[in-house]
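Please read the structure below before turning to the comments.
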Amino acid sequence: MAIERVAIVGLGLLGGSVGLAIAECLPGVATTGYDADPDVRRRAAERGLAGTVCATPAEAVRDADLALFCVPVGAMEPAARACAEALPPTAIVSDVGSSKASVGEALARALPGRRVIPAHPVAGTERSGPDAGFASLFRQRWCILTPPADADPAAVDALGQFWEALGARVEIMEAAHHDLVLAVTSHIPHLIAYTIVGTASDLEEVTRSEVIKYSAGGFRDFTRIAASDPTMWRDVFLSNRDAVLEMLGRFTEDLTALQRAIRRGDGEALFDLFARTREIRRSIVEQGQDDARPDFGRADHASPARPGSAR
Ligand SMILES: NC(=O)c1ccc[n+]([C@@H]2O[C@H](COP(=O)([O-])OP(=O)(O)OC[C@H]3O[C@@H](n4cnc5c(N)ncnc54)[C@H](O)[C@@H]3O)[C@@H](O)[C@H]2O)c1
Ligand SMILES: O=C(O)C(=O)C[C@]1(C(=O)O)C=C[C@@H](O)C=C1
């Protein structure tokens, strides 16, 4: 089945990047877009994030082969409900949400009997809003599809091919497994960044200016992650609660073991762990999984030359 008309609901970082990537990689595919925020719709039209930016969700999805929900995970259900009547019954329904089990359930509740195939492009930045999107966001990044067991294989293939055309590498996984894996690789790292930056800013005697002045290294990297959108991340932690709590329990045990090693002066335990983690970083780089975005990991992220800007 061919995907020729894509409706993008939510025109922030992810929705805008999908629209720009389609224009660049699939010029024959028509895009419509809708966002609940009128200012976002105006800016999306100015930037050409979708071929047609619509005033209502119904207008956006009316002729869609693929309706792609690019809203915070807590807004998936209301956003999908608003499209229910107008959406053609044969359209593929998908999303880009960072957690998958609860989003799959939300979309199925809002659009019963539809071809729901949840997906997660594991690609993003700390920025958000209609100015943040860029066409190359998905290039060489994974996109994980979590089709339900009874999904139509032709629809799964079509969605996989769509993401490959935007430059992504596609993997299929069960939603619960996705949520556990992403809890470790994405959600808990964000929680740690929010915590360390919050802790530093709470230390009154280490003044804020000193925190900023000496944050050239590790702390600076944490502040980038901790600048990520509060609405998006609140929703991720609430929607992936069980997996995050399970992994957080493991993490806390490991942190306690490290605390004990430091207290006991057990240099060997510290060295062994740090040597092991260095190898993990090396294998990520060797497998070409390091960040492929042009100015990530090299130039200053705050550089105005970077695509998109903070909202
Ligand atoms: N930011 C990342 O790094 C990243 C990466 C991968 C996946 N995601 C996922 O992508 C989704 C979107 O994130 P983003 O970073 O693009 O956020 P964003 O804040 O840049 O964009 C979200 C947009 O959705 C709109 N919106 C909210 N509720 C809506 C509704 N009911 N109907 C229509 N529009 C609505 C908002 O006005 C906003 O413009 C989230 O589910 C997030 O988990 C984010
Ligand atoms: O690179 C970043 O800034 C990101 O946070 C991107 C990141 C991640 O944790 O890898 C964030 C959330 C997603 O759902 C996918 C990607």
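Since the model is a prediction, treat every value here as computed from it, not as a measurement.
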Got a donor-acceptor contact below 3.5 angstrom from the [X] side chain to the [Y] backbone?
X	Y	result
Thr185	Val181	yes
Asp179	Ser99	no
Thr32	Ala60	yes
Ser128	Leu13	no
Thr146	Ala119	no
Arg47	Gly133	yes
Arg43	Leu11	no

Which heavy-atom pair separates [X] from [Y] by the least distance, and what is that distance?
X	Y	answer
Ala21	Phe138	CB-CD1, 4.2 Å
Tyr194	Ser228	OH-O, 2.9 Å
Ile172	Pro147	CG2-CD, 3.7 Å
Val236	Ser98	CG2-CB, 3.8 Å
Leu107	Ala80	CD2-CB, 3.8 Å
Val116	Gly104	CG1-O, 4.5 Å

Within the structure provided, determine whether [X] and [Y] are in side-chain contact (heavy-atom separation under 4.5 Å).
X	Y	answer
Val103	Ser239	no
Phe69	Val93	yes
Thr256	Glu253	no
Arg109	Glu105	yes
Val18	Ile22	yes
Phe162	Ile92	no
Pro121	Trp163	yes
Leu49	Leu20	yes

Between atom [atom1] of [X] and atom [atom2] of [Y], what is the distance when rounded to the nearest 0.5 Å?
X	Y	atom1	atom2	result
Met76	Cys70	CE	SG	7.0 Å
Ile196	Leu191	CD1	CG	12.0 Å
Cys83	Glu59	SG	CD	11.5 Å
Glu4	Asp63	CD	CG	12.0 Å
Leu159	Leu68	CG	CG	7.5 Å
Ile188	Thr252	CD1	OG1	8.0 Å

Notebook entry, point to check: So Glu77 and Arg81, salt bridge (charged side-chain N to carboxylate O under 4.0 Å, His left out) or not? Walk me through it.
Noted result: CA-CA 6 Å; Glu77 188 165 350; Arg81 274 191 203 286; 2.5 Å; yes
Less than 4.0 angstrom from a charged side-chain N to a carboxylate O is my criterion; do [X] and [Y] meet it?
X	Y	answer
Asp39	Arg42	yes
Asp152	Arg115	yes
Arg41	Asp35	no
Arg282	Glu279	yes

Next item on the list: Could you give me the CA-CA distance, side-chain angles and deciding distance for Asp254 and Leu273, then say whether side chain to side chain contact (heavy atoms under 4.5 Å, CB included) is met?
Entry: CA-CA 10 Å; Asp254 291 347; Leu273 173 69; over 6 Å; no
Quick one: do [X] and [Y] end up in the same hydrophobic cluster if we chain Ile, Leu, Val, Met, Phe, Trp and Tyr together by side-chain heavy atoms under 4.5 Å apart?
X	Y	result
Val29	Val170	yes
Ile3	Leu14	yes
Met232	Val244	yes
Leu248	Ile225	no
Tyr34	Val71	yes

Next item on the list: Using the six-membered ring wherever Trp is involved, compare the ring planes of His187 and Phe237 and label them parallel, tilted or perpendicular (cut-offs 30° and 60°).
Entry: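 Geometry flag for Phe237 against His187: perpendicular rings.
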Notebook entry, point to check: Given Asp272 and Glu268, is the side chain to side chain contact (heavy atoms under 4.5 Å, CB included) satisfied, shown in steps?
Noted result: CA-CA 6 Å; Asp272 285 352; Glu268 201 180 320; 4.1 Å; yes
Next item on the list: Starting from the C-alpha separation in whole Å, work towards a yes-or-no answer on salt bridge (charged side-chain N to carboxylate O under 4.0 Å, His left out) for Arg260 and Asp266.
Entry: CA-CA 8 Å; Arg260 198 169 46 234; Asp266 185 350; over 6 Å; no
